[in-house]
There are 2 protein chains.
Amino acid sequence: MCELLAMSANVPTDICFSFAGLMQRGGNTGPHKDGWGITFYEGKGCRTFKDPKPSFDSEIAKLVTNYPIKSVAVVCHIRQANAGPVSLENTHPFTRELWGRNFTYAHNGQLANHKQILKTHKLLSIGITDSEQAFVWILEQLRIKFGDNRPGSEALYNYLASLCELIDALGVFNLILSDGEFIFAYCSNNLHWITRRAPFGPAKLIDTDVAIDFKKETTEHDVVTVIATQPLTADETWSKLHAGDWLAFEYGEIAYQGNRLG
Amino acid sequence: MCELLAMSANVPTDICFSFAGLMQRGGNTGPHKDGWGITFYEGKGCRTFKDPKPSFDSEIAKLVTNYPIKSVAVVCHIRQANAGPVSLENTHPFTRELWGRNFTYAHNGQLANHKQILKTHKLLSIGITDSEQAFVWILEQLRIKFGDNRPGSEALYNYLASLCELIDALGVFNLILSDGEFIFAYCSNNLHWITRRAPFGPAKLIDTDVAIDFKKETTEHDVVTVIATQPLTADETWSKLHAGDWLAFEYGEIAYQGNRLG
């Protein structure tokens, strides 16, 4: 399996603290040693750092930990390979253009029969993971459903949720998807989140001996949501998503939410 | 204007030496201070490091200079903005999927009337540069011409050259394009290249006080071609491309070449 991490914020915020914790799970405190990647949005642009090597001793991960890149939307993934060998083309996150924007995707889980059921015609996978195939299938379905123009957000999220339900039926599908404005999260069986806002307090990572006082790093107007497979801090209360729950965050706040049961 | 750099090699090779020279032109020995990017292929996968900040004092450029990433195909660009503000979405190289592969593109030059003449319908630009629009136009034309399957290499390169001629007529179009196997270079007015092979010798960068003895870094079977806007070394003989020349390198060697005059 893998672990997911994402951030949605109302002001450009760095993710160094959370990233420092997650990276330890890539071969040190966790078994997810088969590569990692992180995508930072800045406006409509984004940049991805990725490495097929274990994150906990990656030179590139060290840079990302120590060099604060400020963003309102971040998608991150550490991999424990099940479908597809360890290689750069199989390393998440994946980014593709749709409607003139970068869509970025990371998946935790495993899907059966994805080759038959998630077949695509216009967009092709580059690697050989079930994850990437589900991503290009989602984008192709969005294009078929909505055509050349992005629909309104509510219609988009509801349709995304319905696609997630279909994919979830093939196995386990915990998803993070972003276009740089929203972070869409779908929970198959394992996803947590926390929103930090004033009054800010201290927090301590579970996976490494690092603590932070968010009061010193923020202003009173900041709203920062972090989504992760497992909570990253020991002394805060994270919310757990349940099977079929989905949340769409925009600039740190929940914009829409739902569950496959309605 | 901007500067281009690319590498094609028959064995995975790092580009630290050439990159160290080029990065100085991003705000130190050259005026190209409006961002930079570099894409390394590893198999069908690729990863891009990019930064809208000047390269010569970029933390990320320092990492790329000191951390050898070995690749058989590399595309690099430093930007001096003319069309489009300095931002991540306007920073080259650009990468998009076609035929199940990553295509990566960087451009040096300026194009007039690109919005009218290089209009696309399926693939949209994310930033607002003439360069990115020319890229998505090329990909859309390739798709229209050859459909769902990659043609043979000779047909592909010849058609690419004909598209370059059309774009070149709009201004200045020095191009690097790669799918990870080939490096295709089209010269509008400014492009040089060198192939290094046994017997290897020493070389010294023009832009910074760094020398290398390639003999110590290579085996006798290595073939490494470097393409750059301007020569990067002082003590080697670089070949100059002429207006309308194009070269397609595969694994370090020229596979096909031509000129718009036939």
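In the text below, chain A, chain B and the rest are named by the order of the sequence lines, each starting its count at 1.
Distance CZ/A:Phe40 to CZ/A:Phe19: 6.5 Å, rounded to 0.5 Å. Here CD1 of B:Ile227 is found 4.5 Å from CD1 of B:Ile176. Values are rounded to the nearest 0.5 Å. Note that CD1 of B:Ile167 and CG of B:Leu163 are 6.5 Å apart. Values are rounded to the nearest 0.5 Å. A:Leu142 CG to A:Leu160 CG: the interatomic distance, rounded to the nearest 0.5 Å, is 5.0 Å.
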Heavy-atom donor-acceptor pairs under 3.5 Å, chain A with chain B:
from: A:Lys44; atom 1: NZ; to: B:Ile126; atom 2: O; distance (Å): 3.1
from: A:Gly45; atom 1: N; to: B:Glu89; atom 2: OE1; distance (Å): 3.4
from: A:Arg47; atom 1: NH1; to: B:Lys50; atom 2: O; distance (Å): 2.7
from: A:Arg47; atom 1: NH1; to: B:Asp51; atom 2: OD1; distance (Å): 3.2
from: A:Lys50; atom 1: O; to: B:Arg47; atom 2: NH1; distance (Å): 2.7
from: A:Asp51; atom 1: OD1; to: B:Arg47; atom 2: NH1; distance (Å): 3.2
from: A:Lys53; atom 1: NZ; to: B:Tyr67; atom 2: OH; distance (Å): 3.2
from: A:Tyr67; atom 1: OH; to: B:Lys53; atom 2: NZ; distance (Å): 3.2
from: A:Glu89; atom 1: OE1; to: B:Gly45; atom 2: N; distance (Å): 3.4
from: A:Arg96; atom 1: NH1; to: B:Glu97; atom 2: OE1; distance (Å): 3.0
from: A:Glu97; atom 1: OE1; to: B:Arg96; atom 2: NH1; distance (Å): 3.0
from: A:Lys122; atom 1: O; to: B:Arg143; atom 2: NH1; distance (Å): 3.2
from: A:Ile126; atom 1: O; to: B:Lys44; atom 2: NZ; distance (Å): 3.1
from: A:Arg143; atom 1: NH1; to: B:Lys122; atom 2: O; distance (Å): 3.2

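Of the atoms belonging to B:Leu98, not a single heavy atom falls under 4.5 Å from chain A.
When the options A:Val75, A:Leu4, A:Ile38 are evaluated for a side chain to side chain contact (heavy atoms under 4.5 Å, CB included) with A:Pro93, the one that passes is A:Val75.
For the pair A:Cys76 and A:Leu22, the tightest heavy-atom approach, listed with the atom from each and the gap, is SG-CD2, 3.7 Å.
Between chain A and the options B:Cys46, B:Gly127, B:Gly43, B:Gly37, the largest number of non-hydrogen pairs under 4.5 Å is found for B:Cys46. Note on A:Ile60, A:Leu123, A:Leu63: by heavy-atom pairs under 4.5 Å with chain B, the leading option is A:Ile60.
Listed by chain and number, the residues in a side-chain contact (heavy atoms from CB on, under 4.5 Å) with B:Ala112 amount to none (sequence neighbours excluded).
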